[in-house]
There are 2 protein chains.
Amino acid sequence: MRSKFRSTCPIATALDIIGDKWSLLILRDMLTSGKKTFKEFSESQEGIAPGILSARLKWLEENELITKQKLPHNQKENIYLLTEKGIELAPIIMELIIWSDKNLRVQNPEMPSISQIGDISNKSALIAGIQNNYRRLIQETLGINP
Amino acid sequence: MRSKFRSTCPIATALDIIGDKWSLLILRDMLTSGKKTFKEFSESQEGIAPGILSARLKWLEENELITKQKLPHNQKENIYLLTEKGIELAPIIMELIIWSDKNLRVQNPEMPSISQIGDISNKSALIAGIQNNYRRLIQETLGINP
DNA sequence: TAATTTTACTACTTAATCGATAGTAAAAAT
DNA sequence: ATTTTTACTATCGATTAAGTAGTAAAATTA
């Protein structure tokens, strides 16, 4: 196949991987809510259709933003976890939240206050906290497992 | 009309406005290359179709990320300029560049080095510089004009 | 152990959006 | 006066998304 990238621009390249309507929301659910299963993603507020969710998870796995595996004591559930490459999307997600909070509340007034996420004045500490939190979740999910 | 937003999540809300395949690339061209006209956007590396460009510019204008106007001495060219709301997207664009540079170069090796953009170790200064640069461009375009 | 429920999908149909190209009208340049 | 430029619109086929139903295997419950 031809290159999947439109150009050599890093912004365009990033958008070719995560610039669709759903990918960043799935990654958001993983990073900020610890969601791990198909069912959990299906239940999120925006209502993604199963076919699209399925395609997106496959795409994200192919591009190594997430992994898919089963836990030893459950052969039914697939567990989706972020890779480091995926965890490093946290700053992008955070900047989207900040911009939205400041500029789109007029259009979407039901948006929850940004203070519920954490202390924005410490941006990099907040991002690092979310990332370390997620790394701990991975350990809990995979590490201490009979 | 019903709300144009899928949910009250700030991330989803941001993506409902700028989460398509092209908007951020148009905004990139404005912010980092000073592009201002339909023709200039048409000529960019990724090759956006005129119908889509037209629709996107209309959408971005409706959502007040850009303005559209004619200069007194040229009744033909439309001049598109970022609003403050649009200029404030700079941090998101910067984080996309940083993530892409670090994580997607393996897949798209032709990507230019990030050092060409500026000194990343001074992230917020770099962003502020780009933004102030753009504000100066607006002044040059509109202010000192016979 | 058998029946029910849960999970992770696939399949299908319809609707919306995208993409490529051609064409047009008005302004500007020659 | 003619040509070129600019900013589009129109059209049509291709791709993607949305919504719903259905299925197979695993897990749970009776």
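Lettering follows sequence order; numbering is per chain, from 1. The figures that follow rest on heavy atoms only: side chains count, while hydrogens, waters and symmetry mates do not.
Heavy-atom distances under 4.0 Å link DNA chain D to no residue of residues 32-44 of chain A. Within residues 15-23 of chain A, the residues having any heavy atom under 4.0 Å from DNA chain D are, by residue number, A/Lys21, A/Trp22.
In this view, B/Glu43 and B/Lys39 satisfy the salt bridge (charged side-chain N to carboxylate O under 4.0 Å, His left out) rule, not counting sequence neighbours. In terms of the salt bridge (charged side-chain N to carboxylate O under 4.0 Å, His left out) criterion, residue partners of A/Glu88 (sequence neighbours excluded) are, by chain and number, B/Lys102. Residues satisfying the side chain to side chain contact (heavy atoms under 4.5 Å, CB included) criterion with A/Ala12, sequence neighbours excluded, are A/Ser7, A/Cys9, B/Leu25, B/Arg28, B/Glu46.
B/Leu71 places its CG atom 16 Å from the P atom of C/dA27, with the value rounded to the nearest Å. Taking atom CD of residue B/Glu46 and atom P of nucleotide C/dG19, one finds them 12 Å apart after rounding to whole Å.
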Exercise for the section: Take nucleotides 19-30 of chain D nucleotide by nucleotide from the 5' end and write B, S or -, depending on whether a protein heavy atom sits under 4.0 Å from the base, only from the sugar-phosphate, or from neither. Expected result: BBB---BBS---
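With a 6.0 Å cutoff to the six-membered ring centre and a 45° limit on the axis angle, B/Arg6 counts as a cation-pi contact of A/Trp22. At least one cation-pi condition fails for A/Lys68 and A/Trp59: the charged atom is not both under 6.0 angstrom from the six-membered ring centre and inside a 45 degree cone around its axis.
Considering only side-chain atoms of B/Lys58, the nucleotide from D/dT9, D/dA17, C/dC9 that sits closest is D/dT9.
At least one side-chain nitrogen or oxygen of B/Ser54 sits closer than 4.0 Å to the OP1 or OP2 atom of D/dT9.
B/Asp20 and B/Ser23 form a side-chain donor-acceptor contact under 3.5 Å, judged by distance and modelled atom types alone.
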